[in-house]
Every structure is written in structure tokens, then in C-alpha cells.
Amino acid sequence: MKAATVPGLIVRSQSGFFTVQTDQGEAVCHLRGRLKRAAVGDKNLAVVGDRVRVSLHSGNSGWIEEIEPRRCALLRTAPTPQGEIRQTLLANPDQLALVFACSQPAPRMRMLDRFLIICEKQGISPLIVANKIDLVDQEHARQLFDRYAALGYDVLYTSAVRGDHVDQLRQRLAGKISGLTGPSGAGKTSLLNLVRPGLGLEVGGISHATRRGKHTTVVRQLFPLPEGGYVADLPGLRSLALWDIQPHELDGYFPEMRGLVAACQFNNCTHRGEPGCAVRAAVDGNKIHPARYESYLRLRAGETDD
Ligand code: GDP
Ligand code: ZN
């Protein structure tokens, strides 16, 4: 007879141990061998954010019996002695909060553009967090980030030092499963500590709570929020690449371009200078921000650096 199973959410994973949140509390679970055999050698078989069904035994432990198909996921490439591998960092996020500092470090807008494309491709809502507004005048901050608000993206201007808009950030995160990423030093840890007091993540730490020392066991974790929902701190998304995106579909992930493409004279237009290009006309008419167009051109040319 098959054991009764209950639904759950993987909130932590470490060396083959998965902490699963269920209606009956947390349980530490292992994957059933048959699941592993069915997906030989796939280290991404179950990750934080996966919806699963577990059979529970006493003592808050159990087995993961089933993994539900993923709606979306955030991945990165990681170099290994066997070559580059893909790692799934977080399954099924509702939202990806992209934290950039207005200054110190200066924001790399091309990195932001890459993150936004990944969100567009995966169907994940981006939340742009322009932090450290205490370090710049408002005009400077707006000059950098208002172009994204104009495209319909949600932009929050925050200061972890002064507490500006931290409440709004908390509201945006409430009840959702969010990834949190951005360049090191942007203030992710500081903001997370304000949103969730008591978390006590180390500000200015090299790699936050996910790594200890040299012989690291990587712990991935969803931190529960007081208002409901979870946040996963995702340092190292820097190497996030644009997989599975064909050059010709790139314009579809730029909201300011995708509506124009049909108006280009050639239906295989690359928007790099063909006659009758509607995208180019919009750039020349200041309807598309030149920096966004430049991002498009560079990505189209296969450049992956910022
Ligand atoms: P992380 O690497 O993105 O997690 O960034 P941290 O939270 O560790 O912050 C990096 C540095 O920036 C620390 O010295 C913080 O005190 C500082 N910092 C974070 N947020 C702000 C902010 O809003 N304004 C200012 N002036 N400094 C900040
Ligand atoms: Zn065109």
C-alpha cells in the first residue's frame, strides 16, 4: 500500500537533506531512491522552492515522494573540473528583487538589463531596488532608474541607512517567494536585515550565511518573512547567463521593442541598421533609451560581460 503523502515546499537544502514546510510543520526529508534513479546524476533534481509531496514519519522526518514540475527557475553556470555545469538556485520564484546601489558601487545597468531579460524569459516579476539613495541626489538616482519605471517595471528607491522605503519593500515581499540578487556591496544583506529583523545576516560579509570557510557545504535556504512569504538570498547570480535565448528572440524580452518589431521593413530585422527599422527609428526619436538599445546590441552580438 502506498503511504499517504502531504504537499510541501522545500525551504532548505544541504548535502542531500531537504527541509520541507508542510501544514504539519517542518520535516527533514530525503529523496526517494527511485526519484534519483529516474534522473541519474542530476544535482538539480530537487531544489529550494520546489513543491513536493512527502510521506512523513514520526520525529519530523520523511521522504520526498514526488516533485512537482517547475513553473520557472533561476539558474547559473558554475565551473567544475568536468566543465561548466548548470545549477538551479531557486525553483518557482514569484519575484526577483534586483538590488543595485545608486552609488558605491556604481550600478552596472547592463547587468540589470540582463537580469530583466531573464525575468521576462522565465515569467518572473522583477522588482528593481535602487538602494543607497542617501549617497546621491534624487535627480541622479532618477536619471539612472526612471527609465525602467517608464517601461512598467516596479522601482523602489531605498536607503538601508535611513530606512527609506523599507516598509514598501517589506510589502512587496510579503506573501511571495522572492529571490534577492544584485552585485556584492549593493546592500542586499542590510535591506534583508531590516525587512526581517532578527535574521542577523552578516553585513559586508563575503558570502553571507550560505558559506562557511573553505570546505564549504552550500546551504540554500528560503528565509520565512513575518508577513508570510519567503526570501532567498542569491549571491553569485552574477554569472547568470542567458541560456536558451536565441539572438532573434532577444527583442521580445525588451518591452520597449517587442511592439515595434512587426513594423520593421524586414521580418528578420536585427535592428542593427537595416533600412526601414522601426526600433532604430524609435531610438533616433528618443522613444527608446540609448543605453537600453546599446544593451540590446551587445547582447545580440553575444557579449556577456557588463
Ligand atoms: P550586500 O553585499 O549586497 O549584501 O551588501 P551589504 O548589505 O553587505 O552592504 C555593503 C555595504 O554598504 C555595508 O558597508 C553597508 O553598511 C552599506 N550599505 C548598505 N545599504 C546602504 C545604504 O542604503 N546607504 C549607505 N550609505 N550604505 C549602505
Ligand atoms: Zn528592426
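Position 1 is the first residue of the sequence, and the numbers go up from there. All ligand and atom numbering here is 1-based and tracks the order in the structure. This one's a predicted model, so the numbers in the text were calculated from it and none came from an experiment.
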I'd like to check which ligand 1 atoms, numbered from 1 as shown, lie under 4.0 Å from a non-hydrogen atom of [X].
{"X": "Ala186", "value": "3 (O), 5 (O)"}
{"X": "Leu135", "value": "26 (N)"}
{"X": "Val161", "value": "21 (C), 22 (C), 23 (O), 24 (N), 25 (C), 26 (N), 27 (N), 28 (C)"}
{"X": "Lys188", "value": "1 (P), 2 (O), 3 (O), 4 (O), 5 (O), 7 (O)"}
{"X": "Ser184", "value": "2 (O)"}

Kindly report the ND1-the Zn ion (ligand 2)-SG angle for His271 and Cys277 respectively, rounded to 10°.
-> 110°
His30/Phe17 aromatic ring centres below 6.0 Å | yes
Looking at the rings of His165 and Tyr157, which for Trp means the six-membered one, are their centres under 6.0 Å apart?
-> no
Out of curiosity, does Leu127 fall in the hydrophobic cluster containing Leu192 (side-chain heavy atoms, cut-off under 4.5 Å, transitive links)?
-> yes
Per atom 2 (O) of ligand 1, closest listed option by heavy atom (Cys102, Gly185, Ser190) | Gly185
Between atom CD1 of Ile10 and atom CG of Leu90, what is the distance when rounded to the nearest 0.5 Å?
-> 11.0 Å
Contact (N/O only, under 3.5 Å) between Thr158 and ligand 1 = no
So, are Lys188 and Asp233 salt-bridged, with charged N and O less than 4.0 Å apart?
-> no
Glu256 with Arg292: basic N within carboxylate O range, under 4.0 Å | yes
